Amino acid sequence: MAGFTGAPGTGKSTLVDAVIALLRKQGSSVAVLATDPNSPFTGGAIMGDRIRMQRHALDGKVYIRSMGARGHLGGLSLATREAIRLLGGFGFDQVILETVGVGQSELEVAAVADTTVVVLTPNLGDSVQMIKAGILEIADVFVVNKADIDGYARVVAELRTMMNMAPKREWRPPIIPTIASRGEGVDKVWDAVLGHRKHLATSGKAQELVERRLRDETAEVAAELARERARRALEDDPALAERLLNDGTPYRTAEEILDRKG
Ligand SMILES: Nc1nc2c(ncn2[C@@H]2O[C@H](COP(=O)(O)OP(=O)(O)OP(=O)(O)O)[C@@H](O)[C@H]2O)c(=O)[nH]1
Ligand SMILES: [Mg+2]
């Protein structure tokens, strides 16, 4: 599963739209999940503007949905993982995730995706912002989109310098220029995704990822369940809530709740 992330407006949807076209030409079916950490949970409605893939709407082998995070139990990441598992289960050949990179969300992409594609533009503002956000450690492929506007060479040079300063990784993320709005370079982006996927498989990292994710997700689900249980216990048991208020002992109260049967 490949995840595309990047600052708002860098061209992620345009790029993913072009990737869909490429994959369809090759005969593959594809599911795209677009998540927006700033929007309320939409339960599958298309957030029109954020998605530029409508031309595929009538293609039965393309499935596109978007999800907002607000109000959803556990935020975006648990819901995203569940949705991705479902889409994989439905038998789509490729599953792609698009997430607007704001704050923590790009780290969530990396936690969920096998291959994280970070989309930058020649606008220096985005690149500095992304690099600050620790994006260097999570990117498996860098795309510098909007290569048709000035400043492309500068962003690439800046990225290379940052990469040379960062701790060496076994996989060196390629930097790929694209003009997504014209479909240029999109095949190279997909080749890079496949190249990284192959690296994961041959290095044994793919299996490691599966195991680590199952563990992380279990811990997250357990935390959510415990949170719900605590909320309910305090609502349903006025004596307990009263004691908590009097003693001011959240740790002890939490342990007591978790120690209760059922
Ligand atoms: N000049 C230029 N504009 C582009 C290119 N690719 C996309 N755009 C334009 O950039 C704008 C944003 O594109 P989107 O694909 O919606 O960007 P996004 O990253 O998905 O945006 P959010 O989902 O809102 O974060 C649109 O007006 C696109 O037409 C490109 O290669 N060159
Ligand atoms: Mg978008």
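Whatever order the structure lists them in is the order used to number ligands and atoms, beginning at 1. This one's a predicted model, so the numbers in the text were calculated from it and none came from an experiment.
The residue Arg182 has no part lying near ligand 1, judged by heavy-atom distances below 4.0 Å.
The closest approach between a heavy atom of Gly6 and any atom of ligand 1 is not below 4.0 Å. The closest approach between Glu184 and ligand 1 stays at or above 4.0 Å for every heavy atom of the residue.
Every N/O-N/O distance between Leu15 and ligand 1 stays at or above 3.5 Å. Distances between N or O atoms of Ile179 and those of ligand 1 include no value under 3.5 Å. Residue-to-ligand polar distances keep Ile149 apart from ligand 1: every N/O pair is separated by 3.5 Å or more. Taking any N or O of Thr10, backbone or side chain, at least one lies under 3.5 Å from an N or O belonging to ligand 1.
Using cut-offs of 30° and 60° for the angle between ring planes, the Phe92 and Tyr63 rings count as tilted.
With ligand atoms numbered from 1 in the order given, ligand 1 contributes 25 (O) to contacts under 4.0 Å with heavy atoms of Pro8. Close approach of ligand 1 to Val100 (heavy-atom distance below 4.0 Å) involves ligand atoms 25 (O). Of all atoms in ligand 1, numbered sequentially from 1 with element shown, those under 4.0 Å from a heavy atom of Asn145 are 5 (C), 6 (N), 7 (C), 31 (O). Residue Ala180 approaches ligand 1 through these ligand atoms, each under 4.0 Å from one of its heavy atoms: 6 (N), 31 (O). Listed by number with element, the atoms of ligand 1 under 4.0 Å from a non-hydrogen atom of Asp148 are 1 (N), 2 (C), 30 (C), 31 (O), 32 (N).
Applying the salt bridge (Lys or Arg N to Asp or Glu O under 4.0 Å) criterion to Asp216, with sequence neighbours excluded, gives no partner residue. Here Glu184 pairs with Arg182 under the salt bridge (Lys or Arg N to Asp or Glu O under 4.0 Å) rule; sequence neighbours left out.
Using a 4.5 Å heavy-atom cutoff, the side chains of Pro173 and Met163 are in contact. Looking at Leu33 and Ile84, their side chains come closer than 4.5 Å, going by heavy atoms from C-beta outward.
Under the 4.0 Å criterion applied to side-chain N and carboxylate O atoms, Asp236 and Arg229 are not assigned as salt-bridge partners. A salt bridge does not link Glu208 to Lys205: none of the charged side-chain nitrogens sits closer than 4.0 Å to a carboxylate oxygen. Ion pairing of Asp17 with Lys12 is absent here, as no side-chain N (NZ or NE/NH1/NH2) approaches a carboxylate O to less than 4.0 Å.
Evaluated by nearest non-hydrogen atom to atom 5 (C) of ligand 1, the leading choice among Ser181, Ala147, Ser13 is Ser181.
Atom OE2 is the N/O/S atom of Glu98 found closest to the Mg ion (ligand 2).
Using a cut-off of 2.8 Å, one finds that Ser13 contributes an N/O/S atom close to the Mg ion (ligand 2).
A distance-only check finds a donor-acceptor pair linking the side chain of Trp171 to the backbone of Asp140 [under 3.5 Å].
Side chains of Thr99 and Thr35: a donor-acceptor N/O pair is present below 3.5 angstrom, by distance only.
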